[in-house]
Peer 1: 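I'd like to ask some things about the structure below.
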Number of protein chains: 2
Amino acid sequence: MQPIHYSKQELIELLGQQGINVTSQRIDIARVLFAHGDHVSAEVVFDRVNRELADSRRVSKATVYNTLGLFAEKGLIRQVIADPTRVFYDPNTKPHHHFYDINSHELMDIDEADIRMQGLPSLPEGARLEGVDVVIRVSHR
Amino acid sequence: MQPIHYSKQELIELLGQQGINVTSQRIDIARVLFAHGDHVSAEVVFDRVNRELADSRRVSKATVYNTLGLFAEKGLIRQVIADPTRVFYDPNTKPHHHFYDINSHELMDIDEADIRMQGLPSLPEGARLEGVDVVIRVSHR
DNA sequence: CTTAATGCAAAGGCTTTGCAGAGAC
DNA sequence: GTCTCTGCAAAGCCTTTGCATTAAG
């Protein structure tokens, strides 16, 4: 996804629109998510947020984890399950798919239009659709 | 996948065909994988194997984990990455896809023919295709 | 005999939780 | 002032690893 450099005001609105209470940590975390636009683990978010912040405003690891979970639950970002060892978060919530490099542990977007799936199979009895994830696993050398 | 009740001889051949050295633990683990045919975590394999075995022949958790990893690497079974908290193993290695119930944490097969994907996007430069995973996430109630 | 596999317990990552203190409104 | 969030450290899972013992060929 393209990096988007939101102003503080815009971030506050964004959070508000998703029904997320606004705090300074949540603004900082949302800022780095959209300012980079890539697929990140909680660890990376933690590093990036705190690299940019004065010591007095450091965000704890617990808050990063909890906030990413909250953002995903509220639909601001989405989880990508591609690596058995960590969860990735994707600021792009529009339908699309992913390449996953099993060597470098990196995700790359695939535009939705580049994979056309013919007719979803009928869901199991009483099931509600939550999402369709296509992960194309590749290796580099 | 349909349960398959292999004889000890057949299991030995199966392992041999995949270039897996044969041991009694590996036979026992392969037996329960195919005898049930469903998608299982290492924990479940551990329980099932040891439920069926006399105490004198118990298989350790480390061996279960290492053996499942080995089987997957050798292509006897495949890993399914659908749940952020655990790896599932699938004795069905033919191309197919999965429903994942996020409430019950269970996987269900989707026949390959039920999802037709038009033309894979071209892979990133220098990348080799390792696999295509489609996971349709559903919730129950 | 020689090499590879197993079992055990300990260590390792990632993530969640409990609870006291701080911050938002 | 009340309710929610944050930080810290501890705990929890799932999984891997180190190493002495055992089994395989």
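Per chain, numbering begins at 1; letters A, B, ... match sequence-line order. If you're wondering where the values come from, they're calculated on a predicted model, not measured in any experiment.
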Peer 1: B:Glu73 has an atom CD; how far is it from atom C1' of D:dT16, in whole Å?
Peer 2: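 Nearest whole value for this atom pair: 14 Å.
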
Peer 1: Rounded to whole Å, please give me the gap between NZ in B:Lys61 and C1' in C:dG12.
Peer 2: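 Roughly 16 Å, once rounded to whole Å.
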
Peer 1: In whole angstrom, give the distance that lies between atom CG of B:Asp28 and atom C1' of C:dG7.
Peer 2: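 So the CG-C1' distance, B:Asp28 to C:dG7, works out to 15 Å.
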
Peer 1: Ignoring the backbone of A:Asn66, work out which of C:dT17, D:dT17, D:dC8 is nearest its side chain.
Peer 2: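 Output: C:dT17.
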
Peer 1: Hey, which of these two, B:Arg86 or A:Arg26, hits DNA chain D nearer its 5' end, going by closest nucleotide?
Peer 2: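 Counting from the 5' end, the first nearest nucleotide belongs to A:Arg26.
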
Peer 1: Where do B:Gln18 and B:Lys74 come nearest, in terms of heavy atoms and distance?
Peer 2: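 That would be OE1-O, 3.0 Å.
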
Peer 1: Nearest whole angstrom, please: distance from the C1' of C:dA4 to the CD1 of B:Ile20.
Peer 2: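 Spelled out: CD1 on B:Ile20 to C1' on C:dA4 is 15 Å.
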
Peer 1: The side chain of B:Asn21 lies closest to which of these nucleotides: C:dA5, D:dC5, C:dG7?
Peer 2: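 Comparing C:dA5, D:dC5, C:dG7 against the side chain of B:Asn21, the answer is C:dA5.
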
Peer 1: Rounded to the Å, how far apart are A:Ile27 CD1 and D:dT6 P?
Peer 2: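 Going from CD1 in A:Ile27 over to P in D:dT6 covers 11 Å.
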
Peer 1: Figure out the CD1/C1' separation between B:Ile29 and C:dG7, and round it to whole Å.
Peer 2: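 About 12 Å, once rounded to whole Å.
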
Peer 1: Compare the minimum distances between each of C:dT15, C:dG7, D:dT6 and the side chain of A:Thr63, then state the nucleotide with the smallest one.
Peer 2: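 The nucleotide sitting nearest to the side chain is D:dT6.
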
Peer 1: Let me spell it out: for each of B:Thr85 and B:Thr23, pick the nucleotide of DNA chain D with the closest heavy atom. Which residue's pick is nearer the 5' end?
Peer 2: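 Looking at DNA chain D, the more 5' nearest nucleotide goes with B:Thr85.
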
Peer 1: May I ask whether A:Val138 and A:Val135 are part of the same hydrophobic cluster, defined by side-chain heavy atoms of I, L, V, M, F, W, Y residues being less than 4.5 angstrom apart, directly or through others?
Peer 2: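 Different clusters.
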
Peer 1: To the nearest Å, give me how far apart CD (A:Gln25) and C1' (C:dG21) are.
Peer 2: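 From A:Gln25 CD to C:dG21 C1': 13 Å.
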
Peer 1: Does B:Ser41 reach a base, just sugar-phosphate, or nothing at all? Heavy atoms under 4.0 Å.
Peer 2: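 Nothing: the residue B:Ser41, judged by heavy atoms under 4.0 Å, touches no strand.
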
Peer 1: Find the distance A:Phe46:CZ to C:dT16:P and express it as a whole number of Å.
Peer 2: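 The answer, rounded to whole Å, is 15 Å.
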
Peer 1: Using heavy atoms to find the nearest nucleotide of DNA chain C for A:Ala62 and A:Glu43 separately, return the residue whose nucleotide is more 5′.
Peer 2: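 The 5'-side residue here is A:Glu43.
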
Peer 1: Of all the nucleotides listed (C:dT15, D:dC5, C:dT6), which has the minimum atom distance to the side chain of A:Tyr65?
Peer 2: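 Nearest nucleotide to the side chain: C:dT15.
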
Peer 1: Taking the inter-plane angle between the rings of B:Tyr100 and B:His105 on a 0 to 90° scale, is it parallel (under 30°), tilted (30 to 60°) or perpendicular (over 60°)?
Peer 2: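 Answer is perpendicular, since the angle exceeds 60°.
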
Peer 1: Less than 4.5 Å apart, any side-chain heavy atom of B:Asp90 and any of B:His39?
Peer 2: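 Yes. Closest side-chain heavy atoms under 4.5 Å.
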
Peer 1: Using a distance-only test with no angle check, is there a side-chain donor-acceptor pair under 3.5 angstrom linking A:Asn103 and A:His140?
Peer 2: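 No, because no side-chain N or O of A:Asn103 sits under 3.5 Å from a partner of the opposite role on A:His140.
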
